[in-house]
Enquirer: 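Got a structure here, written out as structure tokens. Questions coming.
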There are 2 protein chains.
Amino acid sequence: MTESAQTASRQAQKERTRQLILDAALELSQTQGFAQISLRQVARHAGIVPTAFYRHFDSMDELGLALVEQSFSTLRRMIREAQRDPKVFDNIIDAAAQVLVETVKQSKAHFAFVARERVGGSEAVRRAIQHELDLFVSELAVVLARLPNIETWSSDDVQMVSRLFVRNMVSNAEEVVDMPDHRPDLEERIKEGARRQMRLIVIGFHDWKS
Amino acid sequence: MTESAQTASRQAQKERTRQLILDAALELSQTQGFAQISLRQVARHAGIVPTAFYRHFDSMDELGLALVEQSFSTLRRMIREAQRDPKVFDNIIDAAAQVLVETVKQSKAHFAFVARERVGGSEAVRRAIQHELDLFVSELAVVLARLPNIETWSSDDVQMVSRLFVRNMVSNAEEVVDMPDHRPDLEERIKEGARRQMRLIVIGFHDWKS
DNA sequence: TATTTGAGTGTACGCACGTTCACTCAACCG
DNA sequence: CGGTTGAGTGAACGTGCGTACACTCAAATA
């Protein structure tokens, strides 16, 4: 009998259930926000009994932290893939806007989770997200520092501009998350807005401190 | 006997209790977020019995909407006052950064409420806040449109730049809210960051579409 | 002054919650 | 193969919740 979950090593099965819990929590978060869903709701939605939850996470807070980790690793993977696309060298702004919207659309649930819990979540979850975003700002600053025009800036300035970009990325991601499905007009509008904002900032680069 | 709440017209007393409820909810929101506090917690903190809550609000959602209204009317009043300050004409950017930080510090609770519930709140509360912010963007756009350099822009461009400012205002307000009390160094840092961001955007203005 | 009104009380309800505990039974391992 | 391990079960608990209902008693009104 080649039943799906029938023949599975013990740890593989455990991993599968763990993922079911993560998926359930992510889906439930979309309508009500992670901070207001209950352990029992998650268990019910994952098809397990409430007590079984504890075999995988000590508390809802730990589940939240695991979701933060998963969300950011998804984001990093997507950015790494996007960087391999040759189009980004032609027009970095249009490419960035395109990648932003596409990436967020593709894993809406993760972005919605981060956007919401960044400010609305529990203390622990908020701190974890803030930490990841700070890391992100620093990573971007390294990339920016290598661009022409910027290589002479003070590292403080570069850090500031990096924060500006990440902040706008988060805001735009929020907009895409709130966007109803299948509305290419709205999507184009957000993309155009992101493009303009980036152009504005980049023009500011040019004359900065001159 | 000139007891405080002893002699009070009926509606004045009702108004006072209503305000006690609003204050209680606002204070409790600071630690846990409005979306996760209960009707009973609010009543307890306001010094009334849970059922008395219903004499003032039909539900926690209605209380949330009342808090949104109160928060934004506070904000508008402060901006109106700030506009009367002659210093804003000397250096609009430094003044804006100063006003932003001072205003947020002064009514931290209201800003914290808006910043959190904007994304983490219930559907109804989120929509109300988004609506108020949209109004704000439009109001600011009218002010901006009268500035030199900008009067020739398309209204779409002005709207975009207005969104950029409001978005950054929200982000900076978030930072001030998260700031621990009595840390003038951090405060100065945020102010300096806000100043730089605004300068960058303004420099962008200058060369826009040229 | 006699009557009405309505803000605030106190009890009681059914419900969902997080967590406990003793349990089953299949995969694992010596 | 026989004993051990541990993911998942199911019943039970105490707690806090939102809300209903009948109430009090002072201010408002006629």
Enquirer: Atom CD of B:Gln19 and atom P of C:dA7: how far apart are they, to the nearest Å?
Expert: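 That distance rounds to 17 Å.
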Enquirer: Using every non-hydrogen atom in the two residues, find where B:Phe113 and B:Gly64 come nearest and quote the distance to one decimal.
Expert: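 So the two residues come closest at CZ-O, 3.7 Å.
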Enquirer: Taking the basic N atoms (NZ, or NE/NH1/NH2) and the acidic carboxylate oxygens, is any pair closer than 4.0 Å for B:Arg196 and B:Glu192?
Expert: yes
Enquirer: Under a 4.0 Å N-O cut-off, is there an ion pair linking A:Glu174 with B:Arg167?
Expert: no
Enquirer: Quick one: B:Lys14 NZ to C:dG8 P, roughly how many Å, whole number?
Expert: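 About 8 Å, once rounded to whole Å.
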Enquirer: Sugar-phosphate atoms are those with a prime plus P, OP1 and OP2; base atoms are the rest. Using that split, label each nucleotide of nucleotides 11-17 of chain C B, S or - for protein heavy atoms under 4.0 Å, 5' to 3'.
Expert: -B----B
Enquirer: With nearest nucleotides of DNA chain C determined for A:Arg55 and A:Ile37 from heavy-atom distances, which residue corresponds to the more 5′ nucleotide?
Expert: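 Residue closer to the 5' terminus by nearest nucleotide: A:Ile37.
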Enquirer: Does the side-chain contact (heavy atoms from CB on, under 4.5 Å) test come out yes or no for B:Leu65 and B:Phe57, once each step is laid out?
Expert: CA-CA 10 Å; B:Leu65 296 181; B:Phe57 303 98; over 6 Å; no
Enquirer: Want to settle it: does B:Ser59 or B:Gln11 sit nearer the 5' end of DNA chain D, counting the closest nucleotide to each?
Expert: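 Of the two residues, B:Ser59 wins.
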Enquirer: Checking contacts here: which listed nucleotide (C:dC28, C:dG8, D:dT19) is nearest the side-chain heavy atoms of B:Pro50?
Expert: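 Of C:dC28, C:dG8, D:dT19, D:dT19 is nearest to the side chain of B:Pro50.
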Enquirer: Looking only at side chains, do B:Thr17 and B:Gln13 share a donor and an acceptor under 3.5 Å apart?
Expert: yes
Enquirer: Could you tell me whether B:Glu188 and B:Arg195 make a salt bridge, using a distance below 4.0 angstrom between a side-chain N and a carboxylate O?
Expert: yes
